[in-house]
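One structure is given below, encoded as structure tokens.
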Amino acid sequence: MTDREVRAAVRIRGLRRTFGSVVALDDARLEVRAGEVHALVGENGAGKTTLLSVLAGHLRPDAGEVEVDGASVFGAGRARGWSTRDAWNRGVGMVHQHFALVPRLTGEENLSLGVRRARSGWALPTDWVRERVHRIRAETGLEVDLSRQVEALSIGERQRLEIVKVLLRDPRILVLDEPTAVLAPSEVEGLLTLLRRLAGEGRAVLLVAHKLDEVLRVADRITVLRNGRTVLEADRAAVTARSVAEAMVGDAEALDAPQRTTVEPGEVRARWLGRTDGVDLELRAGEIVGIAGVEGNGQRELARALAGRETAAGPGGSGGAPGRIHLPDRVAYVPQDRGREGLIGSFDLAENVALGHHADPDVRGGPGGAFLRWNALVARTREMIHTFGIRTSGSRATAASLSGGNQQRLVVARELHGSPELVVAENPTRGLDVAGARFVHDQLHRLRRAKHAPAIVLVSTDLDEVLALSDRVFTIVRGRLTEVPEAERTREGVGARMLEAGEGRAARAGEGTS
Amino acid sequence: MIRARWWGPFFAIGLALAVTSVALALGGYDVPQALGALWRGAFGSEQAIASFTLKRSVPLLLTGLAVALAFRAGIWNIGAEGQLYAGAVAGFTVGFVGGGLPAAVVIPAMLAASLVAGAAWAAFPTVMKLRGGTNEVITTLLLNFVAIHLTAWLIDGPLQEPQGVYNETAPLPESATLGTLWPGTDLHVGFALAVALAVVLWVVFRFTRVGFLIRAVGEGPEAARIAGRVDSGRLSAGVFLASGALAGLAGAVHVAGVDLALYPGLSQGWGYTAIAVALLARLNPLAVIATAIFFGAIQAGGTSMQRVAGVPLAWVNVIEAITVIGVLIAARGRSRSGGDAGAPEAA
């Protein structure tokens, strides 16, 4: 194991960490060698993020050994002072799933934070940053917007900025937590190429991801975590997508993908026209309309408008009037940022279930319906926990105590309650593992075939998801929606429309209207 | 959200008393004597409890509720002081003009006027916040000074007592004053009113739909808007005005229950102490009853501590300030561990 030529950049053994009664990690093992791309995969709640937090110095484990670059940083007889600063100094660079950017500062200012250059004195080292960013862009094709404030950037743009921020520091051990989830297909390729190149320079690259095809394309070795334990450590060549997925789930039967059925769209029950910056869209009950697009092309505004939520266009958005939208009464919305827009972390599950359903007749009580019937809400929550298989200690647990996948189950459970006439789901499987994504897909699929099926709009940056589930497929480019003909509904066909085709289309539209 | 852990209040009070004791000892005071005087001044007799501690707690309780209500919704209303003055002036004016009417008419009219005036004093910051996004901390704070000086000018001008000698108004007519709650003491019925309002507010937060939505807007504004479909602008406006109204009520209750006339500088900074009262109570209306009485006791006891042990009254402010610091320390511990607990959620 400890051959001199393959030096372990990171070696973790017997790692254990609990949060109260929840065991997040239990005997986790991981060895990442210099010069390799190492993939860490596992279900939501398998302990991936906890493991990374330990590596980054955010969390102290309860037991186990951690070695970074040959030196023990935690373990028997070692000092307990492994901090985020130590992690930096040892060359551990981490791209987090949750962004650590200052919204009010520009991209350039954010990148300059924490960078110390002798010559810049008290000023921000912006020249240095700009030069480095140009070089990174030239090497990797990673585009970032340096001049705009971060709060004006889309999630995809913010994540690119996060990656660049870590690359600025030239880390020896680069850790990326779900980096590809929000990138456009061409950018994913660029990133994977970049990861290979960085590993080729002798760095260790640890990639946490849930999309197995990407992982298998880029990784040299793979570690699979399940329920906080390492269940598989293998060379890429020794595994198949199936064997990795089985190791993750621990159950081969759960894997078979939902069959696409050819159910005719049911009777038209909800029908309306929406116009958002040149959008004409007619939705039918019992039909899934997929909208694919690269982050930041107006799908967010469109989704919110369709869901009847506020239509305020952000900076760089359309800014136009929402136009005529005729919405049915019961609209369900699964927002993309479930932690911020879907749930309140400090509220318990029953309180979160009450959100948006506080006006339901069966939960209102007292004079004038001014009171909430918490008994009814708790009963409803318990039922959801049961039917949707939410793993939690009970309806009084806070939403923040749930893993990402279980949070999404809770949001889906709440939104589908009360037979909605329209369901708008925005990147509903982002950050979810195989089982979690399958759960969401199953729900959408079942819903579509239900007796009183709603119209379903699936807005997603994940092309595979859109193609697999949708009856009709649209692409959205700069706020313009175009339907993809049946013949072009392939990964390549739609991907091309999402990127190049949009440019000409948008330009032509500009000539036509202005 | 500045919400301490459950042990925060006890930690804060313990810290305040410990630090104060050490400082007093270093200053050469007789600490046991001073603390003894503090205790006796606050709780040593029926008079101490009712006429001093509880009576002083009334404006703190009402303004504390005002602050707790606003903070729960994420509105940083620092203007309870100014809103209190507005309510005091309006309540006094109505009581003075309508003094010939029976108490059953004039008292409710006074209280209603103070609610409206307090809300009106909060209206400008509300509009500025919701229309232009102006930070309410600044607008409410600055309006405090406007209210204080405007009140002083009114007392020196249009509302001055008939002889035009003293810097005060004429006294309120008998029918426009609050009755006694605890016979033989100075405790007026305003205390019962304040406690009742605390219970009502607690019920609102805990059991009603609007209370739930207020908490949602405060804890997760995005989720409340998007998942909860709450019109957060309207809700925030309502909460802001209601907070101002409660603080305004404190002014009228104090004038009608204690001062019985309008004086410049009628509040001893209660609108600011209210922030400490609310935070120490972790923004829980029922707990505000206890923390308001605690601060009332410190102020009542401080007077006796000065008389008996020669400790300057300013030490009361020190105790209050350290209590707030203690609450903030406990809240800091909470947000840190909150980050910890957040780790597995994304795993």
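Scope of the values below: all heavy atoms of this structure, side chains included, with no hydrogens, waters or symmetry mates.
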Distance in Å, Glu426(A) CD paired with Ile226(B) CD1, rounded so as to fall on 0.5 Å steps: 8.5 Å

Taking every non-hydrogen atom, the tightest pair across Leu355(A) and Ala216(B): CD2-CB, 4.0 Å

Lys NZ or Arg CZ of Arg215(B) over Phe347(A) ring: under 6.0 Å, within 45°: yes

Region of Arg414(A) in contact with chain B, defined by heavy-atom distances below 4.5 Å: side chain

Interface residue of largest heavy-atom contact number with chain B, from Gly366(A), Gly345(A), Ala354(A), under 4.5 Å: Ala354(A)

Heavy-atom pair with the smallest gap, counting every atom of Arg209(B) and Arg364(A): NH2-NH2, 3.1 Å

Straight-line distance of Glu351(A) CD to Glu219(B) CD, nearest 0.5 Å: 8.5 Å

Nearest heavy atoms of Ala227(B) and Gly342(A), plus distance in Å: CB-O, 3.6 Å

Leading residue by heavy atom contact count with chain A [cutoff under 4.5 Å; candidates Leu213(B), Val203(B), Val204(B)]: Leu213(B)

Over 12 foreign heavy atoms within 6.0 Å of CZ, Phe124(B): no

